Amino acid sequence: MTNDDNTVSTLCLGRDLMLAGSRLRDAVGRRAQREFGLTALQGELLLLLTARGSMISTELAAACGVNASTVTHAVDAGIDRGLMLRERNEDDRRLVDIVLTPAGKRMAERVRALVADLARTALEGVDQPGLLAESLAQVTRNLEEAKVPKDTP
């Protein structure tokens, strides 16, 4: 394979990764909205908070790849539905943690099951889904470690 072929192949793979992620997020968002009245972002916040226990808004925004005001609106909606709470951080009283309520934990489990169901559908015809999962996790680590510069105004 020539260097040009590798470049084209890499670009196609990059495009396919972005498209697959976008399609999965859209599918999760449509079903979560229909079944639970949640946006894709709200579902993602529930899953993150389940995994990490609590996070501050800026951490949530960074993890989801959105700005802080977008997270604030999603958290406000979660609070209005009784799924999340804001609590003063015990180690640093200047910070406010976002945490799940018991209802939020139950909803997060429903969202997790929805994502798992959609992932099974997405993986139909994939010979080694475990290898794909490991590879995608490595891609994520590589991108996080690369510290890609953010746009500057």
Side-chain angles (χ1 to χ4, degrees), residues 1-79 81 83-84 86 95-100 103-153:
M1 185 177 280
T2 69
N3 203 18
D4 286 342
D5 290 341
N6 280 334
T7 300
V8 169
S9 180
T10 300
L11 289 173
C12 289
L13 178 59
R15 184 201 68 226
D16 290 343
L17 284 170
M18 290 189 303
L19 187 57
S22 177
R23 295 273 166 85
L24 182 58
R25 180 182 277 253
D26 289 348
V28 168
R30 282 191 306 275
R31 277 199 45 199
Q33 183 66 47
R34 185 176 65 245
E35 296 179 23
F36 313 131
L38 297 174
T39 65
L41 177 59
Q42 290 167 334
E44 191 171 354
L45 296 178
L46 292 172
L47 296 177
L48 279 167
L49 292 170
T50 296
R52 299 192 188 168
S54 70
M55 297 173 75
I56 62 174
S57 291
T58 54
E59 292 171 330
L60 286 168
C64 295
V66 299
N67 63 45
S69 66
T70 301
V71 164
T72 297
H73 293 299
V75 169
D76 287 345
I79 290 171
R81 291 201 45 198
L83 303 174
M84 300 174 202
R86 287 187 176 93
L95 301 177
V96 177
D97 292 326
I98 312 302
V99 298
L100 293 180
K105 291 176 184 176
R106 289 189 300 275
M107 181 62 75
E109 182 53 34
R110 294 172 73 190
V111 170
R112 189 210 55 75
L114 181 150
V115 171
D117 182 53
L118 285 168
R120 278 189 293 279
T121 299
L123 290 170
E124 286 179 16
V126 174
D127 292 334
Q128 297 180 354
L131 179 60
L132 177 61
E134 290 172 22
S135 297
L136 290 174
Q138 183 62 53
V139 167
T140 300
R141 287 190 297 275
N142 291 346
L143 291 171
E144 287 171 351
E145 291 171 8
K147 297 183 182 173
V148 178
K150 299 197 186 271
D151 292 337
T152 54

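If you're wondering where the values come from, they're calculated on a predicted model, not measured in any experiment.
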What pair of heavy atoms forms the shortest contact from [X] to [Y], and how long is it?
| X | Y | value |
| --- | --- | --- |
| Leu100 | Met84 | CD2-CG, 4.0 Å |
| Gln42 | Ala77 | NE2-CB, 3.0 Å |
| Leu47 | Ala108 | CD2-O, 3.6 Å |
| Val71 | Ala61 | CG2-CA, 3.5 Å |
| Leu45 | Cys64 | CD2-SG, 3.8 Å |

Can you tell me how far apart [atom1] ([X]) and [atom2] ([Y]) are? Round to the nearest 0.5 Å.
| X | Y | atom1 | atom2 | answer |
| --- | --- | --- | --- | --- |
| Arg31 | Leu118 | CZ | CG | 4.5 Å |
| Leu48 | Glu59 | CG | CD | 10.5 Å |
| Leu38 | Glu44 | CG | CD | 12.5 Å |
| Leu46 | Phe36 | CG | CZ | 10.0 Å |
| Leu131 | Leu136 | CG | CG | 9.5 Å |

Give a yes or no on whether a salt bridge exists between Glu109 and Arg112, defined as a side-chain N under 4.0 angstrom from a carboxylate O.
->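 Between Arg112 and Glu109 there is a salt bridge, with a charged N closer than 4.0 Å to a carboxylate O.
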Look at Asp76 together with Arg86 and state whether they make a salt bridge at an N to O cut-off of under 4.0 Å.
->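 Yes, Asp76 and Arg86 are salt-bridged.
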If only atom types and distance count, is the side chain of Asp97 paired as donor or acceptor with the main-chain N or O of Val99 below 3.5 Å?
->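 No: the side chain of Asp97 does not pair with the backbone of Val99.
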What I'd like to find out is whether the side chain of [X] reaches to under 4.5 Å of the side chain of [Y], using heavy atoms alone.
| X | Y | answer |
| --- | --- | --- |
| Val139 | Ser135 | no |
| Met55 | Ile98 | no |
| Val96 | Ser57 | no |
| Asp26 | Arg30 | yes |
| Gln33 | Thr39 | yes |
| Arg81 | Met107 | yes |

Is the closest side-chain donor-acceptor distance between Gln138 and Arg141 under 3.5 Å?
->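 Result is yes, a qualifying pair exists.
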